[in-house]
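Values reported hereafter were calculated over all heavy atoms of this structure, with side chains retained and with hydrogens, waters and symmetry mates removed. Positions are given from 1, in the same order as the sequence printed here. Everything quoted here is computed from the prediction, not taken from an experiment. Read the numbers this way: they start at 1 and go in the same order the structure lists the ligands and their atoms.
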Amino acid sequence: MSSPVLYNCPPSGNCYKVRLFAALTGISLDVRNVDLAAGAHKTPQFSALNPWQQVPVLQDGETVIWDSQAILVYLAEKHGTTEWWPADPGARARVVAWLSVSVNEIQHGPADARLIRKFDYPLRYDDVTTASARTLTVIDRYLADHAWLAGDGPTLADCAAYPYLALAPEGGISLDAYPALRQWLGRVEALPGYISVEA
Ligand SMILES: N[C@@H](CCC(=O)N[C@@H](CS)C(=O)NCC(=O)O)C(=O)O
């Protein structure tokens, strides 16, 4: 059986969420890079896969999934990785809460700062530094009492949150003031199979 195709862009933190989870769980992907600079994501062919004209997109036979959180859930369900995507309703809801934090508080803080500094996005840097400080402070306080974001071990929550928190310095957002968060980054990086964004 052929591996699902991941339409990817190497520096994208959203694509990295999927590559990281696949690496940590031994899921094989056929990674195909989409040239965003050349507008390859705006073609009719790519728009048919994702009407939002964004990567990542996963194509698994006839099944097409866009959005990195949705792809994580799909792969975890398909591969029965219940420790990463628990079946218990409360435990699952706690994972979903962090998937939501990843696309809201983390995206509109450190991830947007990186978009401005690394990719010249026309957003207001002052706004994102204020948002980042709040996001990082809340997460650091939470991680002072928890080894992992949701539950006793790593879950999809950690895979979704890790990339843009780890990459925050690329957006000029220092993590020096957040020791518990930095220790958690280290725990993720020590997991067997871990890959960096460059891998
Ligand atoms: N919510 C989506 C966001 C995807 C997204 O923002 N993708 C960016 C790369 S990180 C993209 O394709 N940008 C190209 C564009 O919007 O023109 C996800 O989590 O996958």
Side-chain angles (χ1 to χ4, degrees), residues 4-25 27 29-60 63-78 81 84-85 92 95-125 127-128 131-132 135 139 149-150 154-173 188 195-199:
V5 174
L6 176 69
Y7 292 98
N8 175 66
C9 175
S12 156
N14 287 312
C15 295
Y16 177 38
K17 295 174 191 179
V18 178
R19 298 197 311 275
L20 176 62
F21 176 61
L24 292 172
T25 54
I27 294 171
L29 296 174
D30 175 0
V31 177
R32 298 190 193 169
N33 291 336
V34 177
D35 189 349
L36 299 189
H41 56 312
K42 306 239 162 127
T43 61
Q45 292 88 336
F46 195 84
S47 304
L49 296 174
N50 183 356
W52 300 103
Q53 302 180 319
Q54 291 177 327
V55 289
V57 173
L58 189 85
Q59 186 162 30
D60 187 15
T63 304
V64 176
I65 313 282
W66 46 261
D67 184 85
S68 51
Q69 288 60 229
I71 296 169
L72 292 178
V73 167
Y74 174 80
L75 289 175
E77 282 280 346
K78 188 169 176 203
T81 47
W84 295 86
W85 178 233
R92 180 166 289 197
V95 173
V96 172
W98 284 103
L99 300 185
S100 195
V101 167
S102 299
V103 293
N104 186 19
E105 286 84 354
I106 295 174
Q107 178 62 53
H108 299 307
D112 278 354
R114 183 170 176 261
L115 283 177
I116 296 169
R117 282 287 170 90
K118 202 172 157 83
F119 302 103
D120 286 331
Y121 263 56
L123 298 168
R124 283 171 49 95
Y125 195 67
D127 292 345
V128 302
S132 292
T135 297
I139 294 176
L149 291 177
T155 65
L156 294 189
D158 303 282
C159 292
Y162 173 85
Y164 286 119
L165 292 174
L167 295 169
E170 290 190 2
I173 306 291
V188 174
I195 54 167
S196 72
V197 69
E198 284 94 18

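- The shortest N or O to N or O distance between H41 and ligand 1 is below 3.5 Å.
- Within the set Q69, Q107, Q54, the minimum heavy-atom distance to atom 3 (C) of ligand 1 is found for Q54.
- Every atom of ligand 1 is numbered from 1 in the order shown, and the set under 4.0 Å from a heavy atom of P56 is 20 (O).
- At least one donor-acceptor pair closer than 3.5 Å links the side chain of S12 to the backbone N or O of C15.
- In terms of protein heavy-atom proximity, atom 10 (S) of ligand 1 is nearest to S12 OG, 3.0 Å.
- Using a 4.0 Å cut-off between heavy atoms, Y164 contacts ligand 1 through its side chain alone, with no backbone atom that close.
- For ligand 1, one of its N or O atoms has an N or O atom of S68 under 3.5 Å away.
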Audit row: D60, Y74, side chain to side chain donor-acceptor pair (under 3.5 Å) steps and yes/no: CA-CA 10 Å; D60 187 15; Y74 174 80; 2.5 Å; yes
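- Atom NZ of residue K17 and atom OH of residue Y164 lie 6.5 Å apart, to the nearest 0.5 angstrom.
- Closest to atom 2 (C) of ligand 1, if we only count protein heavy atoms, is D67 OD1, 3.4 Å.
- Polar contact check, K17 against ligand 1: no nitrogen or oxygen pair lies under 3.5 Å apart.
- On a distance-only criterion, V55 and ligand 1 share at least one N/O pair closer than 3.5 Å.
- Within the 4.0 Å heavy-atom cutoff, C9 does not count among the residues contacting ligand 1.
- In this structure, CD1 in I71 is found 10.0 Å from CH2 in W66, a value given to the nearest 0.5 Å.
- The minimum heavy-atom distance linking D112 with L123 is given by the pair CG-CD1, 3.7 Å.
- Counting only heavy atoms from C-beta outward, the side chains of L167 and P110 never approach each other to under 4.5 Å.
- Here the side chains of Q54 and D67 are not in contact, with every heavy-atom distance at 4.5 Å or above.
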